[in-house]
Amino acid sequence: MPLKERISHIDEVRSWQGSIRLEGVYTAGVAGERWLRGLQEGRIYGTRCPRCRYTYVPARLFCERCFGHLDEATWVEVGPQGTLTSWTRVHVALDGQRLSPPRCIGLVRLDGADALLVHDLLEDGTPLRVGLRVEAVFRPPAERVGSIRDLAYFRPVP
Amino acid sequence: MRRLNTEVAIVGAGWSGFRSISPDLSFREMMFEAATKAYTDAGIDPRRDLDGLVTAEEDFHEGIAISDEYVPDQMGAVLRSVHTIAGDGLQALAAGVMQIAAGAARIVAVESHSKASNVLNLDQITALAMDPVFQRPLEVHPVFIAGLELRRYLEVTRTPIEHVARVVVKNRRNALRNPRAAFPADLSLEDVLDSEPLAEPLTRAMAAAPADGCVVFVLARGDVARTLTDRPVWIRGLGWATDSYTLENRDWEGARYLRQAAERAYRQAGIRSPRRAFDLVEVDDTFAYKELQHLEALGLCRPGEAGWWTAEGATEVGGELPVNPSGGCLGEGHLLDASGLARLLEAVLQLREEAGPRQVPNARTALVASWRGLPTTTGAVAVLSREP
Ligand SMILES: [Zn+2]
């Protein structure tokens, strides 16, 4: 970390520049792994709490409402169609730079689910509105790796 | 939670900033400046009188691991009870109040600060708060959450976007009369609506810009407070709550984290009709629509009313219920973890009739409400009064 003699406007005084490197892995978990494997097979699963009648997507091992365990019997398939609950066009990238064209993101309630899933939303010229019917589109099987991105995007139901 | 069984008052307040950048001062020096003001204001010598210190900060904002170890020296709190909250500053206030109520301390300092201008990639740091398995791989700027929530709010409450823009115009104008404010401005509705889009329908002007600053309060047990000052500000109720952190299962409409927090604070303060209980409100407005959504969650008006209320001028300094006379986060700048304490600071100054040109006449009670910011679902509420 060199002592910085910076010249841009904020920095008439001395400051030190440094960065933090933090690397790790994030365990998907028992339910998370099975859910991601489902995406790899082109299926979207949820777990339905029988007490709360609430279906979680992604599937979870526990219910946050009643604190119950969601076992094998609670796994259900949801979607692939659903309803658009909200949407936005994001005009900034993660580094703060302008994003052109903007990226369209949808908040989708899949059929059979209560939870709302966030993902890219394909703009095909259909006017976007809350309540629009949309469907999940997966990457080609050979490109799937067991990631949230195996689900490529949602698009308006033709 | 019932009534606090110990009276606790704010007996001193101090601050440093707020400014869009502060290349001259280190964060330690900002804390020293704010603490010196607060201790002078309270008439205490921290090395003699201070029992404990509670701070609110987040390692990733500090750029230092275990950064809570870095707080006592510049606060006069070496070898005292030190306690750091990873949360909003109002949660640190609650922890300070609890230490006094539990009999563990008589006098406690509460601190939080922002050195946002030192964080060269604040957007990426915020993005690291997203779920690493289910959201981070999407690599979207977290402001998308505000865009989705704003559209949902407009849809459900039938609020016109112009009313959201009106919040920005009001708060940045209020900031013109606040020497602490980093971003005072006289804007038109068009200026706000036509500023560059961030996450549609949210525009750049509807989002508070980060600022640097530090806020310190001195809390004291009731009997001690009375010996220290003749203008204590009493903490009558506190509440805080966190909704599901998942994007999938959180409430996208009514900020139920704040509704919960408010219910607890009102119960503690014995408030049944919040609508008529306060002379002013300082509430989180990190994004302009959040002020409207939060006013509704606080029970100050019905869902969908806050926009119309704002458009009618009811929340102006001369209106029925002044909201963010300080200028809020939009006008003062967003102080990261200290933003709740910035709201609290204005309420305290108002109740002490020290708010200068933006003073709300005869302010006796105030409501303060914070949100921990993107992508969190944590809110905190404090009820303040000139009477114990
Ligand atoms: Zn359940």
Side-chain angles (χ1 to χ4, degrees), chain A residues 6 9-20 22 24-29 32-33 35-36 46 54 56-58 60 63-65 85-99 102-107 109 113-120 128-131 147-149, chain B residues 20-26 59-60 63-65 117-118 120-128 130-156 196-204 207 243-250 252-253:
Chain A
R6 294 197 287 182
H9 71 285
I10 153 169
D11 335 308
E12 256 90 75
V13 266
R14 285 170 178 171
S15 58
W16 293 83
Q17 188 165 349
S19 64
I20 297 175
L22 196 163
V25 295
Y26 300 94
T27 305
E33 174 161 1
W35 190 76
L36 292 169
Y54 183 96
Y56 293 91
V57 181
R60 291 175 116 180
C63 174
E64 67 187 38
R65 301 180 168 219
T85 305
S86 187
W87 57 278
T88 182
R89 287 189 196 97
V90 184
H91 292 258
V92 274
L94 270 179
D95 60 3
Q97 298 295 309
R98 296 301 290 174
L99 197 60
R103 191 161 159 194
C104 192
I105 300 290
L107 185 66
R109 189 188 305 278
D114 294 285
L116 303 172
L117 202 59
V118 165
H119 217 299
D120 288 87
L128 297 177
R129 59 177 172 81
V130 171
S147 146
I148 183 74
R149 299 189 74 157
Chain B
S20 57
I21 55 170
S22 53
D24 48 338
L25 293 176
S26 72
D59 283 3
F60 277 37
I64 302 172
S117 70
N118 273 9
L120 301 182
N121 57 344
L122 189 57
D123 296 338
Q124 283 163 327
I125 296 298
T126 307
L128 287 175
M130 308 293 298
D131 185 289
V133 175
F134 298 115
Q135 265 97 41
R136 230 193 269 169
L138 298 178
E139 296 179 346
V140 195
H141 192 295
V143 76
F144 82 86
I145 297 172
L148 291 175
E149 193 180 45
L150 168 55
R151 190 181 303 282
R152 193 78 205 136
Y153 175 80
L154 298 179
E155 181 83 16
V156 169
E196 60 176 357
L198 280 185
E200 296 176 35
L202 188 85
T203 67
R204 169 88 55 192
D243 193 0
S244 170
Y245 55 81
T246 60
L247 296 180
E248 293 84 10
N249 305 302
R250 64 174 55 182
W252 280 91
E253 288 162 17

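Each chain gets a letter, A, B and so on, in the order its sequence line appears, and its residues count up from 1.
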Just so I know, are the side chains of B:Phe134 and A:Val118 near enough to count as touching, which here means a heavy-atom distance under 4.5 Å? no

Rounded to the nearest 0.5 Å, what's the gap from CD on B:Glu200 to CG on A:Leu128? Could you check? 9.5 Å

Are the side chains of A:Thr85 and B:Trp252 in contact, using a 4.5 Å heavy-atom criterion? no

Gap between atom CD1 of B:Ile145 and atom OG1 of A:Thr88 - 0.5 Å precision: 11.0 Å

Any heavy-atom pair between the side chains of A:Leu116 and B:Arg152 that's under 4.5 Å? no

Donor-acceptor contact present, side-chain A:Arg149 to main-chain B:Pro137, <3.5 Å: yes

What part of A:Leu99 gets within 4.5 angstrom of chain B, counting heavy atoms only: side chain, backbone, both, or neither? neither

pair A:His91-B:His141: side-chain heavy atoms closer than 4.5 Å: no

Minimum heavy-atom separation for A:Arg98 and B:Pro197, please, with both atom names. NH2-O, 2.8 Å

Between B:Arg250, B:Glu196, B:Gln135, the one whose heavy-atom pairs under 4.5 Å with chain A are most numerous: B:Glu196

If you define the side chain from C-beta out and look only at heavy atoms, does anything of B:Asp123 sit under 4.5 Å from A:Val92? no

Correct closest heavy-atom pair for B:Glu139 and A:Arg103 would be O-NH1, 3.1 Å

Are side-chain heavy atoms of A:Tyr56 and B:Thr246 found at a separation under 4.5 Å? no

Roughly how far, to the nearest 0.5 Å, is CZ of A:Arg109 from CD of B:Glu248? 12.5 Å

Student check: side-chain heavy atoms of A:Arg60 and B:Asn249 closer than 4.5 Å: yes

Counting heavy-atom pairs under 4.5 Å with chain A, which one of B:Leu198, B:Leu202, B:Leu247 comes out on top? B:Leu198

Does any non-hydrogen side-chain atom of B:Val133 lie less than 4.5 Å from one of A:Ile148? no

